[in-house]
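A note on names: the letters A, B, ... follow the listed sequences, proteins ahead of strands, and every chain is numbered from 1.
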Number of protein chains: 2
Amino acid sequence: MNKRQLQKQKTREHILKIAKQEFVEKGFLNTTTNQIALQAGIAHGTLFLHFKNKDNLIVEILDKELELMSSGIQDLVGRSADLEQMLILYLNLLEEDEKLFSVLARELPFYPEELRRKIMFRDSLIRSHFHNVIESGIGAGKYRKLDPSTAVTFLFGTINYYLSLRSIFVENGSVIAKFRSKIISTFKALLICEKEK
Amino acid sequence: MNKRQLQKQKTREHILKIAKQEFVEKGFLNTTTNQIALQAGIAHGTLFLHFKNKDNLIVEILDKELELMSSGIQDLVGRSADLEQMLILYLNLLEEDEKLFSVLARELPFYPEELRRKIMFRDSLIRSHFHNVIESGIGAGKYRKLDPSTAVTFLFGTINYYLSLRSIFVENGSVIAKFRSKIISTFKALLICEKEK
DNA sequence: AGATTTAATGAGCAATCAGTCACCGAGTTT
DNA sequence: AAACTCGGTGACTGATTGCTCATTAAATCT
């Protein structure tokens, strides 16, 4: 690869890095291509030399991120079919990139169709893992007889809620960290009837 | 009141009516002042004769709506301290204006500070009613020993999730109607350990 | 009836953005 | 070293939008 191609690739990666930073901080909708160019120290036009448009830039960044998330989940499911372990690991993955997932939770309904579908598809894969484990757990008499779909929606809905209103729940730091044990114990309470004294 | 004042008031109310229609249909963020004026059959400038700016218009519409909601809830709590009754009535109120509440669930994080605070304040009043009933229910041994705050967040988070992704859950009709019995039964399952055979 | 007030008008302003294009100059090829 | 290639530039464009203001005409007042 010659000097030119090398420089081109370097610039491209630099844009991706800076764009992700800006997106995570201000959200996708409130980040302008101008800001990105400014922060990256390149001309505004250069951005469109590397990415057809703003949407494509977003898609590429999120695709990469969601891929990471998906493979993390895949690993997780491969390693263990224990629901609590799965939930803990899922929350870990969210916490690692919490700011990004917070932006996603808030802005998802406003993204272009294609991107929204991609994100929701990934999400549905993860949900289905939980769904399956719960369903078979109910079949095995391990969990109470309740509707697994609704149970999953309770879990994901609640997590989504915490994420999307993150700035209200915590000033700095992590919502997931703050509420993880409550989320886990309450979700367990939904699935299992412990004997209480 | 003379002819002029009467006409003025009529125009003002007409704007409010049309604006609400547009807002409910397309969301506050995606409705332009131009669209409203066009639909209302008035000049664009007229809108700003009656409302200082777009935000004020939104605030006025929502204030009225939230007032209705709040008094509905107040009634509800006055009439009954039974959690299931409260939940049913709450879901009724949401279902009545579901499109509006769906917009609210999606767009809340993007509203101007002042409006966001107002909405969240109303919301917190409603939540606290549920919180209190759950807390005293736990004290009375009626419900399981779990964290009432988290339980309430599970409920409101889930409802919020259904509302904000409404268009995915139903094509036409009501998400609340579709999932109300599942929401109620799953939430009851969280609070109460039924004996199962 | 003439003077005054004011609701309504709509052309136009200013700001914001995504995206374009003619041009430049360093790097590559001949 | 001359010709050519191409990554990078940044001024510019066009679309969108919230909002203003000089002007109009109908209602009200004197």
Sequence-aligned protein contact record of nucleotides 24-30 of chain D, with B where the base is within under 4.0 Å of a protein heavy atom and S where only the sugar-phosphate is:
--BBS--
Using a 4.0 Å heavy-atom cut-off, write out nucleotides 8-19 of chain D from 5' to 3' as B (base contacted by protein), S (sugar-phosphate only) or - (no contact).
BBB------SBB
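The salt bridge (Lys or Arg N to Asp or Glu O under 4.0 Å) test applied to B:Arg127 returns no partner, not counting sequence neighbours.
Of the candidates B:Arg12, B:His14, B:Glu60, B:Glu13, B:His50 forms a side-chain contact (heavy atoms from CB on, under 4.5 Å) with just one, namely B:Arg12.
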Extract all donor-acceptor atom pairs below 3.5 Å that involve side chains of residues 90-97 of chain B and protein atoms in other chains or at least two apart in sequence.
| residue | atom | partner | partner atom | Å |
| --- | --- | --- | --- | --- |
| B:Asn92 | OD1 | B:Arg180 | NH1 | 3.3 |
| B:Asn92 | OD1 | B:Arg180 | NH2 | 2.6 |
| B:Glu95 | OE1 | B:Arg180 | NH1 | 2.7 |

Go through it in stages, so that I can follow the logic: the residues are A:Glu113 and A:Arg116, the test is salt bridge (charged side-chain N to carboxylate O under 4.0 Å, His left out), and I'd like the CA-CA distance, side-chain angles, deciding distance and then a yes or no.
CA-CA 5 Å; A:Glu113 181 66 14; A:Arg116 218 173 50 224; 2.8 Å; yes
Verify ring-ring contact (aromatic ring centres under 6.0 Å, His included) between A:Phe169 and A:Tyr162, making sure each step is shown before the conclusion.
CA-CA 7 Å; A:Phe169 287 114; A:Tyr162 278 122; 5.0 Å; yes
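Side chains of A:Ser70 and A:Gln74: a donor-acceptor N/O pair is absent below 3.5 angstrom, by distance only. Side-chain contact, B:Thr11 with B:Gln7: a donor N or O sits under 3.5 Å from an acceptor N or O.
Within the structure, salt bridge (charged side-chain N to carboxylate O under 4.0 Å, His left out) pairs that include any residue of residues 24-36 of chain B comprise B:Glu22-B:Lys26, B:Glu25-B:Lys99 (at least two apart or interchain).
In this structure, A:Phe23 and A:Phe28 have tilted ring planes: the angle between them lies in the 30° to 60° band.
In summary, contact between chain A and DNA chain C, defined as any nucleotide atom under 4.0 Å from a heavy atom of the protein, begins and ends at C:dC17 to C:dT28 in the 5' to 3' direction.
Here the CZ-CD1 distance, from B:Phe121 to B:Ile119, works out to 13.5 Å after rounding to the nearest 0.5 Å.
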